[in-house]
Protein chains: 2
Amino acid sequence: MDTTQRTDQQRSADRRRRELLEAADRVVLRDGPQASMNAIAAEAGITKPILYRHFGDKGGLYAALAKRHTDALLDSLRAALDAPADRRERVEATLDTYLAAIEARPQVYRFLMHPAEGSQVGDQGFDVGKHSAPLLRRMGEELAQVIEDRLDLGPGSQQLARVWGHGIVGMMHAAGDWWLGERPCSRAELVRSLADLLWGRLAAAGDKVGGPGF
Amino acid sequence: MDTTQRTDQQRSADRRRRELLEAADRVVLRDGPQASMNAIAAEAGITKPILYRHFGDKGGLYAALAKRHTDALLDSLRAALDAPADRRERVEATLDTYLAAIEARPQVYRFLMHPAEGSQVGDQGFDVGKHSAPLLRRMGEELAQVIEDRLDLGPGSQQLARVWGHGIVGMMHAAGDWWLGERPCSRAELVRSLADLLWGRLAAAGDKVGGPGF
DNA sequence: ACTTGCGTGTTACTAGCGGTAACACGAGTG
DNA sequence: CACTCGTGTTACCGCTAGTAACACGCAAGT
């Protein structure tokens, strides 16, 4: 009841929670996102109700799990975005950081973005649809803030920055997802191609064959 | 055994299949993607095993359901992409077509892209993660083909076109998703902002405040 | 020392899901 | 009349998320 005791208990609970999260991480990374609560509990050496006491429901556990990876990724992206270099270099560094992250830990990435990847039957996997969006949204909003803070876009800059933030994040995400699956080129080439796209090479390219408006 | 009879039966089966798909469509659009096979069967006025005989499993039914909407969307996108106009106009028309589609039928869109949106408990919803990707991939590949066919990109054009195809589709998708949720601006403004981004306005913008490399 | 409370853990259960086996009716065919 | 074959059903399995109810241990209060 007194404060010190409460603190002790709280600490112990926090440690337990961390242990449970680490166990969940192992299972999810091994079995994919359709890992059952039973399996996670077993990995942690305890039984289901304890998991539910700590995380409420499966969504809660997933959210806690996702937050760890999400925060880590966002931290490294912020670092790349804040590096002292010119704009194109920073953009390329940020793209490369993101791609390096998903390349280094594809299981984590697939867990965050592609929930029911390995599922085939019952499929009560995590409903990541609900939770992967937040990651993309957070990245979009953060990028929008950076754009608005640092670029002079004239009137309507806030709205423009937000559109661009979400659009660029989506571009990075989709291209990265495709690249991770097919590996059609090196990471550096992908980064360069995307930066070229953002730098207007699409508009600047010439037409290939003659045609009316073409 | 004879051909006419087989044809009759096949026709009847196809009609039945269409009816079932329409019933499934109604249920999914009403109950969200976590609609149960039982509910779909009930809406169609039959029982589960018939559904399974027609579609194999839940994924099969979803795939058939998704294919209808996906094909329709891709058709209208192709039309916009092929319109006789200059490049920027075509890009804007395509973006606008996509956004108009998701704006007009947001339930369909959310079903295709955000599987477990309304789920809260058991959540054995469709695993759209597995099936939404194909839509984005198809759009990316088609766009890549168009880009490669019509633009003169110099050496490495095929790879560049594919990166751009998937990247642009991802940009459109993410921006559209965000826009559909928050409606921060009109559709036309969004289209214009995205086209501006593709036209290199990000690179062309000036810095806002003085700084070393900034 | 005895009881009271509380945190931690368990077993045993419910409700609902996807999916399937086994059976039943109806129509055309030898 | 028997025989198949398509269409439909009921009744079940195994699995899941999530929950009640009970049991141990340990510190505090009297």
Side-chain angles (χ1 to χ4, degrees), chain A residues 1-17 19-20 23-24 27-28 31-63 115-116 118-128 130, chain B residues 1-17 19-20 23-24 27-28 31-42 44-63 65 115-116 118-128 130:
Chain A
M1 186 186 285
D2 52 295
T3 322
T4 68
Q5 170 127 0
R6 269 273 291 272
T7 306
D8 275 6
Q9 287 175 184
Q10 200 166 327
R11 255 192 214 170
S12 146
D14 280 8
R15 255 189 37 199
R16 204 86 180 99
R17 188 187 164 93
E19 290 172 14
L20 298 185
V27 175
V28 163
D31 293 357
Q34 79 279 12
S36 77
M37 293 298 265
N38 255 326
I40 294 174
E43 168 73 25
I46 45 105
T47 50
K48 266 195 304 180
I50 303 185
L51 276 185
Y52 283 95
R53 283 223 264 266
H54 274 274
F55 300 103
D57 64 353
K58 193 167 184 170
L61 186 141
Y62 171 79
S119 80
Q120 54 229 17
V121 282
D123 190 299
Q124 13 263 71
F126 287 110
D127 55 337
V128 183
K130 235 187 203 154
Chain B
M1 184 189 290
D2 53 295
T3 322
T4 68
Q5 171 127 359
R6 269 271 292 271
T7 307
D8 276 5
Q9 285 174 187
Q10 201 167 329
R11 255 193 212 169
S12 146
D14 280 7
R15 253 188 37 201
R16 204 86 180 99
R17 188 188 163 93
E19 291 172 12
L20 298 184
V27 175
V28 163
D31 293 357
Q34 77 279 13
S36 78
M37 294 297 265
N38 256 325
I40 293 175
I46 45 105
T47 50
K48 267 197 301 178
I50 303 185
L51 276 185
Y52 283 95
R53 284 224 263 266
H54 274 274
F55 301 103
D57 63 353
K58 192 166 187 172
L61 181 123
Y62 171 79
L65 213 51
S119 80
Q120 52 230 17
V121 281
D123 189 296
Q124 13 264 73
F126 287 109
D127 55 337
V128 183
K130 234 189 206 149

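Numbered from 1 within each chain, the chains take letters A, B, ... in sequence-line order.
Between A:K48 and A:H54, the one whose closest nucleotide on DNA chain C sits nearer the 5' end is A:H54. Judged by closest nucleotide on DNA chain D, B:G45 is the one of B:G45 and A:N38 placed further toward the 5' end. For the pair A:S36 and A:R53, both in contact range of DNA chain D, the more 5′-proximal nearest nucleotide belongs to A:S36.
Each of D:dT9, C:dG19, C:dT11 was ranked by its minimum atom distance to the side chain of B:I46; first place goes to D:dT9. The side chain of B:D57 approaches C:dG19 more closely than any other nucleotide in the set D:dA17, C:dG19, D:dA20.
One interatomic measurement links the two molecules: CG of A:L51 to C1' of C:dT11, which rounds to 16 Å at whole-angstrom precision. In this structure, the CZ atom of B:R17 is 17 Å from the P atom of D:dG6, given to the nearest Å. Whole-Å rounding puts the B:Y52 OH to D:dT10 P distance at 16 Å. Residue B:Y62 contributes atom OH, which lies 18 Å from atom C1' of C:dG18 at whole-angstrom precision. Look at CD on A:E19: it is 12 Å from P on C:dT8, rounded to the nearest Å. If you take CD1 of B:I40 and P of C:dC17, they are 11 Å apart, rounded to a whole angstrom. What separates CG of A:D31 from C1' of D:dC15 is a distance of 15 Å, to the nearest Å. Atom pair B:I50:CD1 and D:dT10:P shows a separation of 10 Å (rounding to whole Å applied).
A donor N or O paired with an acceptor N or O is not found under 3.5 Å between the base of C:dG19 and the side-chain atoms of B:K58.
The two residues B:R17 and B:H54 come nearest to each other via the heavy atoms NH1-O, 3.4 Å.
The side-chain heavy atoms of A:V28 and A:Y62, taken from C-beta on, include no pair separated by under 4.5 Å.
Between B:T47 and the phosphate of D:dT9, there is a side-chain N or O to OP1/OP2 separation shorter than 4.0 Å.
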Output a table of donor-acceptor pairs, distance under 3.5 Å, between side-chain atoms of residues 36-53 of chain A and any protein atom two or more places apart or on a different chain; print 'none' if there are none.
from: A:S36; atom 1: OG; to: A:N38; atom 2: N; distance (Å): 3.4
from: A:S36; atom 1: OG; to: A:A39; atom 2: N; distance (Å): 3.0
from: A:E43; atom 1: OE1; to: A:R30; atom 2: NH2; distance (Å): 3.1
from: A:E43; atom 1: OE2; to: A:R26; atom 2: NE; distance (Å): 2.7
from: A:E43; atom 1: OE2; to: A:R26; atom 2: NH2; distance (Å): 3.2

